[in-house]
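Predicted model only: the values in this text are computed from it and were never measured. Naming convention: chains lettered A, B, ... in sequence-line order (proteins, then strands); numbering from 1 in each chain.
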Amino acid sequence: MKKILVGLKRAVDYNIRVRVNSGGTGVETDGVKMSINPFDEIALEEALRLKEAGHAGEVIVVSVGAPEAQQQLRTGLAMGADRAILVTTSDPLSPRIVAKTLLALVNRESIELVIVGKQTIDGDNNQTGQMLAALWDRPQATFASKLEIDGDSLQVTREVDAGLEVLDVDLPAVVTADLRLNEPRYVKLPDIMKAKKKPLEEIALSDLGVAAEAGVKTTKYAPPQSRSKGVMVDDVDGLVSALTDKGLL
Amino acid sequence: MSKILIVAEHDGRQLNTATTKCVSCASEIADATIDVLVLTTAGSEVAAQAAAISGVGRVRVIEDPANEHAVAAMQAPQVVALAGEYSHVFGPSTTFGKDLMPRVAALLDVDQISDVMTVIGSHEFERPIYAGNAIVTVTAPADQIVVATVRTASFQAAEQGNAVAPVENAEVEVEIPDHTRFVALHAEASDRPDLQTAARVVSGGRALGSAENFEIIYKLADALGAAVGASRAAVDAGYVPNELQVGQTGKIIAPALYVAVGISGAIQHLTGIKDAGTIVAINKDEEAPIFEVADIGLVADLFQAVPELEKALSSRT
Ligand SMILES: Cc1cc2nc3c(=O)[nH]c(=O)nc-3n(C[C@H](O)[C@H](O)[C@H](O)COP(=O)(O)OP(=O)(O)OC[C@H]3O[C@@H](n4cnc5c(N)ncnc54)[C@H](O)[C@@H]3O)c2cc1C
């Protein structure tokens, strides 16, 4: 039976309005709610549905980064993943290093399908799945909104600028999840209790043979330029004159 | 001196304007020569269109039947085959470029810089993170090729028309994988302006309530000569197709005029319209966050205000 690997990143919750810290060295994370990156949660939901439909034997969740990501992995286990792997490092990670880490696990675990979110809502990079597929020399189906498994291939509907594109890819493959792929389930209390007994392996990045060598460096964080306050109009006539004044009509 | 290769986006017939914006971005790097790479099938017009963009030094064409559709797994090795001659490889931050460029970067074993919004130097750029709530300055290693996607809303389109750069066929020996097959593209035909490039956009949100009700947004858009957009909630609810979504996970746009109707103004939506010239908001809730960024706000029931506005505009012309 197929094994599916799902990446779960710990990220600032999507409801939080993120602010740059006073030193310009990062964003405020003190006391800020952290969650599973929403796209990754969708990736996991899809993997669980494939397993429930009999297309997969095991769903493994993995997170790369700080030890606190344990919390997100436990949530993933409570959602229904079979086991979790936490790859720890204190080095800054680029999507390329995460992709190399996932590849190491793909090889160790003989994975046939990797599903990750199309982007994280912190770095907004939108790279990891594509990079993994390149390094693995396997197909990628990015921005997926529908996925059908058919023996050894996948039919994936992708949300692209022009509309919806359908690709047929051989397994093994990498899929990146878009928002409309599914709606993730809620975790129930008994599942949280059960998840505590599920295996969570911790392994250092270097023990997987991956070096977090530096590449592109972030040197400064700044708040965005804010838009100046506008005017309120009373009615449609007011709106039409305001638009006319701005030379827009 | 920087040698920049830009991977062109096109649909086989028409060059996408995102490519001209990449040329603008590349032109901001001092002492740069700019080549455009067109991956296509035999006999396409696209190379000639790319050759007409001001600032382009040369157009390089790889003709291969595999390029009938832009499939990243098939195109990445072709880009990589030429990348060695360059200091930079750029693509647009559209779904085309987002799909392809990280695959190129990984094959070259370098990090990618996503969504370049400002060029500071040949190896230093600004880009947005956290849905645009923070802007970071990033530096790429001087001894490595720079692979980046360009946030098209941050750059004006380079002029297209007068220039005539030489067009050359590039012969490359690459193995193109057969593990990925294009099946279909479902695109809704529309004769309205294109959302990504339109000077005016009218967007509707969840408040519209149904696909039928969304008609009033189309009518207002027609009265303004505008493209139509939507919030995620409106797309999720099935009022409009996915390609109309504006925001962090949809299109990032920069029209001169953006009209948001029945849209609350979630950060994920606002990130898509930060570069709009004038933002107009129509919402019945005066506390809606959209009013914090709107240049002109109207607190009103959209089902009254929108038809009234449409009439007022139509009677002017
Ligand atoms: C990871 C992630 C990515 C996302 N990406 C995007 C994205 O790309 N684009 C996007 O848009 N959203 C995105 N979202 C969703 C976003 O958070 C909001 O949920 C969404 O934008 C809300 O859409 P809305 O404003 O149409 O709906 P609502 O928030 O429900 O707002 C409806 C508004 O209509 C007003 N209204 C109701 N009735 C009337 C009436 N009769 N007349 C006038 N006004 C009325 C209400 O006052 C309200 O302000 C994303 C969310 C996540 C988690």
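With a 4.5 angstrom heavy-atom cutoff, Lys246(A) touches chain B only via side-chain atoms. Residue Gln225(A): no heavy atom, backbone or side chain, is found under 4.5 Å from chain B. Contacts of Asn242(B) with chain A are made by both backbone and side-chain atoms, with heavy-atom separations under 4.5 Å. Both the backbone and the side chain of Tyr221(A) come within contact range of chain B, judged by heavy atoms closer than 4.5 Å. Residue Ala76(B): no heavy atom, backbone or side chain, is found under 4.5 Å from chain A. Proximity to chain A (any heavy atom under 4.5 Å) is shown, for Asp109(B), by both the backbone and the side chain. Neither the backbone nor the side chain of Thr25(A) comes within contact range of chain B; no heavy atom of the residue lies under 4.5 Å from a heavy atom of that chain. Looking at Asp234(A), the atoms closer than 4.5 Å to chain B (heavy atoms on both sides) all sit in the backbone: N, CA, C or O. Val110(B) touches chain A through its backbone: at least one of N, CA, C or O sits under 4.5 Å from a heavy atom, while the side chain does not. Contacts between Val231(A) and chain B at a heavy-atom distance below 4.5 Å involve backbone atoms as well as side-chain atoms. Within the 4.5 angstrom heavy-atom criterion, only side-chain atoms of Ile282(B), from C-beta onward, approach chain A. When heavy atoms are compared at a cutoff of 4.5 Å, Arg232(B) approaches chain A by way of both its backbone and its side chain. Contacts between Lys98(B) and chain A at a heavy-atom distance below 4.5 Å involve backbone atoms as well as side-chain atoms. Of the two parts of Val233(A), the backbone and the side chain both hold a non-hydrogen atom closer than 4.5 Å to a non-hydrogen atom of chain B. Within the 4.5 angstrom heavy-atom criterion, only side-chain atoms of Arg158(A), from C-beta onward, approach chain B. For Phe39(A), the part lying under 4.5 angstrom from a heavy atom of chain B is the side chain only. Neither the backbone nor the side chain of Ala300(B) has a heavy atom closer than 4.5 Å to any heavy atom of chain A. Residue contact with chain A, scored on non-hydrogen atoms closer than 4.5 Å, involves the backbone and the side chain of Ile135(B) alike. With a 4.5 angstrom heavy-atom cutoff, Gln245(B) touches chain A only via side-chain atoms. Neither the backbone nor the side chain of Val104(B) comes within less than 4.5 Å of any heavy atom in chain A.
The backbone N or O of Ala11(A) sits nowhere less than 3.5 Å from a side-chain atom of Asn37(A) that would complete a donor-acceptor pair. A donor-acceptor pair under 3.5 Å is formed between the side chain of Asp161(A) and the backbone N or O of Thr95(B). Judged by distance alone, with hydrogens and angles left aside, the side-chain atoms of Arg127(B) form no donor-acceptor pair with the main-chain N or O of Val138(B) at under 3.5 Å. No side-chain donor-acceptor contact under 3.5 Å links Glu46(A) to the backbone of Ile115(A).
A side-chain N or O of Gln248(B) and one of Asp124(A) form a donor-acceptor pair less than 3.5 Å apart. No side-chain N or O of Ser63(A) forms a donor-acceptor pair with one of Gln72(A) less than 3.5 Å apart. Looking only at atom types and distance, the side chain of Glu188(B) has no donor-acceptor partner in the side chain of Ser190(B) under 3.5 Å away. For Gln140(A) and Arg103(B), the side-chain atoms include at least one donor-acceptor pair closer than 3.5 Å. Defined by atom type and a distance below 3.5 Å, a donor-acceptor pair is missing between the side-chain atoms of Thr152(B) and Gln196(B).
A salt bridge is defined here as a Lys NZ or Arg NE, NH1 or NH2 lying under 4.0 Å from an Asp or Glu carboxylate O, and Asp11(B) with Arg13(B) meets this definition. With respect to the salt-bridge test (charged N to carboxylate O, under 4.0 angstrom), the residues Arg10(A) and Glu68(A) do not qualify. The existence of a salt bridge linking Glu292(B) and Arg17(A) is confirmed by a sub-4.0 Å separation between a basic side-chain nitrogen and an acidic carboxylate oxygen.
Ranked by heavy-atom pairs shorter than 4.5 Å toward chain B, the options Ala214(A), Ser226(A), Gly230(A) are led by Gly230(A). Your options are Pro95(A), Pro223(A), Ala133(A), and the one with the most heavy-atom pairs under 4.5 Å with chain B is Ala133(A). Of all the listed residues (Ala72(B), Ala131(B), Ala73(B)), the one sharing the greatest number of non-hydrogen pairs under 4.5 Å with chain A is Ala131(B). Top candidate by heavy-atom pairs under 4.5 Å with chain A, chosen from Leu298(B), Leu244(B), Leu195(B), Thr149(B), is Leu298(B). If you tally non-hydrogen atom pairs under 4.5 Å between each of Leu167(A), Thr120(A), Asp137(A) and chain B, the highest count goes to Leu167(A). Chosen from Thr128(A), Val160(A), Asp122(A), Ile16(A), the residue pairing most often with chain B at heavy-atom distances under 4.5 Å is Asp122(A). The most heavy-atom pairs under 4.5 Å with chain B, out of Gly24(A), Gly123(A), Ala242(A), Ala141(A), come from Gly123(A). The greatest number of non-hydrogen atom pairs below 4.5 Å with chain B, out of Ser228(A), Ala162(A), Ser145(A), Ser94(A), is found for Ala162(A).
Residue-environment remark: CD (Glu183(A)) stays at or below the threshold of 12 foreign heavy atoms within 6.0 Å.
Here CZ of Phe143(A) is found 11.5 Å from OG1 of Thr249(B). Values are rounded to the nearest 0.5 Å.
Leu257(B) pairs in a side-chain contact (heavy atoms from CB on, under 4.5 Å) with only one of the listed residues (Thr278(B), Ile296(B), Ile279(B)), which is Thr278(B).
Between His69(B) and Phe182(B), the two ring planes are parallel [angle under 30°; tilted spans 30° to 60°].
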